[in-house]
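Chain naming here is simple, since letters A, B, ... match the order of the sequence lines and numbering starts at 1 in each.
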Amino acid sequence: MSNELTDRYVGATLRTVPEKQRADIEAELRASIDDAVEARVEAGADAVTAERDVLTSLGDPDRLAAGYSGRPGYLIGPALFFDYKRFLGVLLITVVPIVVAVMAAVSAISGDDIGSIFGRSISLGLTLVVHIVFWTTLVFALMERTGTEDPAMEWSLDRLPPAPSGATVKLGETIATVVFLVLGMVALIVSRTVSPVTDSSGDPVPIFDPAMWDFWFPFLLAVLAVELVFEVVKYRRGYWTWTLASVNLALNALFAVPVVFLLVTDKLFNPAFIEEVEWFRGSASGDAITTVAAIVVALVTVWDSVDGFRKARQ
Amino acid sequence: MTHSIVSFVTYDDTQLEGHLKELRRGSVLLACLLILREPGYGYGLLERLEAAGVDVDANTLYPMLRRLEKQGLLTSEWDTDGARPRKYYATSDDGRALASQLMDSWLEMTNSLKDLEKEK
């Protein structure tokens, strides 16, 4: 009793079944379907309805075929899923910010404008995320299929993070600092071409000495980029440690010392800028400004570094 | 059902079905091994399981029979004599041994549960 619906159903099921088993499965499945239809017809149903009911209760032919082939029906199973999620999270949170920050810094040094830096950062970030997610998922799906269990990934008591020794690093704080750093970097880069002050011919007069871009400003940008990475690392750690406090101090120093030095030796500001701005002119007020700025930078740096150690001590 | 009478329940029929299904799921293998001590074929087995109160779908049972054969718990043979060729499964020696162990364990569990129920 070969009906079109049954033929189509069996055909659909066999499509994804391994070649070797097809003939046997086909014969058995047809016999079972025919038996079931026969039973319903004997109980009073008409042939067409009976066939429809039987096939409907057998369900999705792809699922049936998966059952025959022993396919798992998922990409990454419960055993591997948590490791997969952790691994992916770690990879994304470390690789993406670092690579994007480095690229942005390099772009800034080679003099691109802020618009293109921003655009490139976004597109690089997105590409990176897509690649990382794709390749990680692929590797884990393969591991699932081949039944690999990486002993290195098995959890053991040794993997428990040590008891927090310092104050916790809060997400809000980290985000605020990251945003502040990014804005700082952007402002620095933008200051090259944008300024509140214009000269007689209407061109913007950069606040800072253009000579700064030969070395110091790229250096400072790099330090800021590293500070950004440091913030991420600190957040991942979850709490302050002596090491983190020391690195914090080092980074602060790397930034502050050159800035103070440049301020005090009158190298930071653009002479043209000083010319244009009245209240900056005249050595007395000019000196006052630079002195105040230097003191502020020094104070903030010291306070932040000390605070770091204080938090590590908790 | 003569056990405890509950005046009202907060779970609905679907939840009850789910729990019952979960409860019965463990018995399918044992039931099959026991029934197939006499050779049987796909649909016939399905009917017998239904009659025995073991609730299993056709699309779970048929692949399962092949799996059990692959594991050596069942043997199979095509019967081409009758009007319709049918594949007959029968419990192998390994299958019988396993069924016996599973049965012992099942009865043990039943007794433990009964004891638990008696304790207040």
Side-chain angles (χ1 to χ4, degrees), chain A residues 1-3 5-45 47 50-73 147, chain B residues 14 17-18 21-22 24-26 28-29 31-32 35-36 38-92 95:
Chain A
M1 200 167 38
S2 207
N3 298 318
L5 221 48
T6 307
D7 289 341
R8 281 163 61 194
Y9 188 89
V10 173
T13 308
L14 291 177
R15 209 167 38 96
T16 44
V17 159
E19 183 81 51
K20 280 186 300 178
Q21 303 168 21
R22 256 180 225 170
D24 193 70
I25 291 182
E26 177 172 7
E28 195 186 359
L29 190 56
R30 277 188 189 276
S32 301
I33 293 175
D34 291 341
D35 282 339
V37 171
E38 200 176 283
R40 282 172 203 258
V41 165
E42 268 171 32
E51 190 188 14
R52 292 192 79 95
D53 286 345
V54 168
L55 293 178
T56 310
S57 76
L58 272 176
D60 189 345
D62 282 336
R63 286 187 194 264
L64 183 58
Y68 276 125
S69 338
R71 285 195 290 266
Chain B
T14 330
E17 272 308 305
K21 203 160 186 159
E22 190 66 35
R24 290 192 199 112
R25 201 181 334 160
V28 175
L29 172 62
C32 286
I35 295 175
L36 290 175
E38 284 293 314
Y41 61 95
Y43 186 70
L45 179 60
L46 196 61
E47 285 187 317
R48 286 206 62 185
L49 285 169
E50 217 176 305
V54 177
D55 183 19
V56 59
D57 295 325
N59 54 23
T60 322
L61 182 64
Y62 299 150
M64 189 179 98
L65 290 173
R66 302 188 77 86
R67 215 168 29 243
L68 293 177
E69 186 190 357
K70 207 162 151 199
Q71 290 169 3
L73 297 169
L74 298 174
T75 58
S76 74
E77 208 178 325
W78 274 99
D79 176 8
T80 46
D81 290 338
R84 182 174 295 146
R86 285 207 184 94
K87 189 173 187 184
Y88 276 80
Y89 293 93
T91 311
S92 68

Provide the closest heavy-atom pair for B:Ala58 versus A:Leu58 in the form atom of the first, atom of the second, distance. CB-CD2, 3.7 Å

Side chain from CB out, backbone as N, CA, C, O: work out which of these in A:Ile33 comes under 4.5 Å of a heavy atom of chain B, or both, or neither. neither

Side-chain heavy-atom pair A:Leu64, B:Pro63 within 4.5 angstrom cut-off: yes

If you count heavy-atom pairs under 4.5 Å between each of B:Met64, B:Arg66, B:Arg67 and chain A, which one has the most? B:Arg66

A:Arg22, CZ: over 12 other non-hydrogen atoms inside 6.0 angstrom: yes

Check this for me: A:Arg52, atom CZ, are more than 12 non-hydrogen atoms of other residues, nucleotides or ligands nearer than 6.0 Å? no

Grab the two heavy atoms, one from B:Pro85 and one from A:Ala31, that are nearest each other, plus how far apart they are. O-CB, 3.7 Å

Could you check whether atom CD of B:Glu77 has more than 12 heavy atoms from other residues, nucleotides or ligands sitting under 6.0 Å from it? no

Side-chain contact, heavy-atom cut-off 4.5 Å: B:Tyr41 with A:Glu28? no

Among the options A:Ala36, A:Ser69, A:Ala39, pick out the one with the most heavy-atom pairs lying under 4.5 Å from chain B. A:Ala36

Side chain to side chain, A:Asp34 and B:Arg84, heavy atoms closer than 4.5 Å: yes

Quick one: what part of A:Asp24 sits under 4.5 Å from any heavy atom of chain B, side chain, backbone, both or neither? both

Which answer fits A:Ser32, side chain, backbone, both or neither, if we ask what part of it has an atom under 4.5 Å from a heavy atom of chain B? both

Is it the case that over 12 heavy atoms from other parts of the model lie below 6.0 angstrom from the CD atom of B:Glu47? yes

